[in-house]
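Structure first, commentary second.
In what follows, residues are counted from 1 in the order of the sequence shown. Just so you know, ligand 1 is whichever comes first in the structure, and atom 1 is the first atom listed for that ligand. Only this structure's heavy atoms are used, side chains among them; waters, hydrogens and symmetry mates stay out. None of the values given here were measured: they were computed from a predicted structure.
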Amino acid sequence: MFIQSPSLSFEVFPPNPAVGNEKIMAVLKEMQDLAPHFISVTASNNKFNIEETTVRLADFIRNDLHIPTIAHLPAVYLTKEMVSDTLEALDRVGVHKVLALRGDIFPNMEPKKDFTYATDLIEYIKEQAPHFEIIGACYPEGHPDSPNQISDIQNLKKKVDAGCSSLLTQLFFDNESFYDFQDKCVLAGIEVPIYAGIMPILNRNQVLRLLRTCENIYLPRKFCSILDKYEHDPESLRAAGLAYAIDQIVDLVTQDVAGVHLYTMNNSDTAHRIYQATHTFFDK
Ligand code: FAD
C-alpha cells in the first residue's frame with residue numbers, strides 16, 4: 001500500500017501550431033505558483049509534428065518554469081527512426097520522462113508497422129535511451145479495444161514488466177471503479193504507483209465531446225444529475241463540476257491514492273480552484 005502523501009500533477013495540451021504558444025505559456029506561468037509535482041504534455045498521434053508542439057512546450061516547462069515534465073509519445077503512426085529523433089530532441093532539452101503510448105488507431109489511416117502496442121515502444125526506448133523514465137497509460141474501466149478487463153490488465157502487466165515506473169489513468173468519474181481496478185492490479189502483480197486522472201467538467205461542450213470520445217467511462221447517477229439539471233445554466237454547471245471533482249479527490253486521498261493527475265484542459269483557473277480546495281492533502 002502506498003502511504004506517502006499523494007502528489008498533485010497537471011496535464012496540458014499543446015495548441016495547434018498555427019495558433020502559437022503565447023497563450024499556453026501564460027497559462028503555464030499561472031500554474032507555476034501551484035508547484036505541481038509534474039506537468040505532462042499531450043502529443044498528437046497523427047496531425048502535428050511532436051517536436052514543434054510537445055517537445056517545445058516540455059522544454060519551456062522544464063527549463064523556464066523549472067517544473068518536472070513528462071512528454072506524451074504516441075507511436076502507432078511513427079517509425080523507429082521518428083521515435084529516435086523525438087527522444088534525441090527531448091534529450092537535448094533535458095526532458096527524460098515519457099508517457100509511452102500506442103495512440104488511437106483511425107479507421108481510415110494505416111498504422112506504421114514499427115509499434116503495434118505501447119509495450120513495443122517501451123522496449124524500444126529501454127534499448128535506445130535507457131536513461132529515460134517511462135510511464136504507461138491505464139484504463140480503470142477497461143480500454144475500448146479490449147474484450148474484457150482481465151485481458152486488459154494482463155496486457156498492462158506486460159507493459160509494466162517492459163519498464164514502466166508508474167501509470168497514469170484515463171479519466172474516470174466513479175471512484176469505486178478505480179479502487180476495484182487498483183485491487184485487480186495488485187492481484188495481477190502490478191506494483192507501480194497509479195496516478196488517478198481527474199477531469200473537472202466545466203461546460204456542456206466538453207461533456208458532449210467526452211461522451212463521443214470516451215466510450216467506456218461510466219457516468220454515476222450523481223454526475224448525470226448535474227448534467228441534466230444544469231445543462232442550460234453554464235455557471236452552475238461549472239460550479240457543480242468543480243465540486244464533483246473536489247469530492248472525488250477528497251475521497252481518493254483518504255484512500256491513499258499515489259497521486260492525482262488533473263486534466264486541466266489548459267485552464268489555470270480550474271487548477272487554482274482545485275488546488276485551493278485540496279492543497280493541504282498533497283505532498284509539498
Ligand atoms: P496499449 O497499452 O498498447 O493498449 C492498447 C490496446 O491493446 C488495449 O486494449 C490493450 O489491452 C491491448 N494490448 C496491449 N498490449 C497488448 C499485447 N501485447 N497483446 C495484445 N493486446 C495488447 N493519445 C494520444 O494520441 N496522445 C496523447 O497525448 C495521449 N495521452 C494519453 C494520456 C493518458 C493518461 C491516457 C490514459 C491515454 C492517452 N492517450 C493519448 C490515448 C491513448 O493513446 C489511446 O487510449 C490508445 O488507444 C491506447 O494507447 P495505450 O498506450 O494505452 O495502448
Side-chain angles (χ1 to χ4, degrees), residues 9-16 38-51 53-55 57-58 69-78 82-83 86 90 95 97-107 109 111-125 134-172 177-178 181 184-185 188 190 192-199 209-210 212-217 258-266:
S9 54
F10 302 149
E11 179 190 280
V12 296
F13 58 87
N16 182 324
F38 61 87
I39 298 181
S40 81
V41 186
T42 68
S44 154
N45 76 335
N46 66 333
K47 266 202 203 135
F48 305 123
N49 177 300
I50 294 181
E51 280 185 47
T53 54
T54 307
V55 178
L57 217 50
T69 180
I70 296 175
H72 296 206
L73 183 55
V76 71
Y77 292 113
L78 300 179
M82 289 155 101
V83 166
T86 307
L90 287 167
V95 173
K97 291 181 195 229
V98 168
L99 177 62
L101 296 155
R102 182 196 72 181
D104 285 329
I105 296 170
F106 302 104
M109 217 179 149
K112 300 260 194 277
K113 301 279 182 257
D114 286 355
F115 302 102
T116 308
Y117 298 112
T119 311
D120 303 318
L121 174 65
I122 294 163
E123 285 167 356
Y124 185 72
I125 299 173
I134 305 172
I135 297 97
C138 63
Y139 304 82
E141 290 160 297
H143 185 271
D145 296 354
S146 284
N148 55 58
Q149 199 189 32
I150 293 176
S151 75
D152 203 32
I153 291 177
Q154 284 167 340
N155 291 328
L156 184 62
K157 168 83 169 118
K158 289 183 207 159
K159 190 149 89 170
V160 171
D161 289 349
C164 293
S165 61
S166 59
L167 296 169
L168 292 183
T169 78
Q170 171 69 291
L171 60 97
F172 60 87
S177 58
F178 173 74
F181 169 74
K184 287 178 177 148
C185 285
I190 295 171
V192 298
I194 302 177
Y195 298 102
I198 296 297
M199 179 184 274
R209 214 169 33 242
L210 256 182
R212 266 201 312 272
T213 52
C214 301
E215 303 160 38
N216 274 22
I217 294 176
V260 171
H261 191 54
L262 207 62
Y263 289 89
T264 68
M265 305 301 291
N266 292 1

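The shortest separation from a heavy atom of Y139 to ligand 1 is under 4.0 Å, placing the residue in contact. The shortest separation from a heavy atom of T169 to ligand 1 is under 4.0 Å, placing the residue in contact. Ligand 1 lies out of reach of G197, whose nearest heavy atom is not under 4.0 Å from it. Under a 4.0 angstrom heavy-atom cut-off, Y263 registers as being in contact with ligand 1.
The aromatic rings of F172 and F178 sit parallel, their planes meeting at an angle under 30°, below the 60° perpendicular limit.
Counting heavy atoms closer than 4.0 Å to ligand 1, residue R102 contributes atoms from both its backbone and its side chain. By the criterion of a heavy-atom distance under 4.0 Å, the side chain of N155, and not its backbone, is placed next to ligand 1.
By the neighbour-count criterion of 12 heavy atoms within 6.0 Å, atom NZ of K113 is densely surrounded, having more than that number from other residues, nucleotides or ligands.
Counting atoms of ligand 1 from 1 in the listed order, those under 4.0 Å from a heavy atom of L99 are 32 (C). Proximity to P74 (heavy-atom distance under 4.0 Å) selects the following atoms of ligand 1: 24 (C), 25 (O), 26 (N).
Nearest protein neighbour of atom 18 (N) of ligand 1, counting heavy atoms only, is Y117 CD1, 3.7 Å. Of the protein's heavy atoms, A43 O, 3.5 Å lies nearest to atom 27 (C) of ligand 1. Atom 40 (C) of ligand 1 has L101 CD1, 3.8 Å as its closest protein atom, hydrogens excluded (heavy atom only).
Residue S151 has no N or O atom closer than 3.5 Å to an N or O atom of ligand 1.
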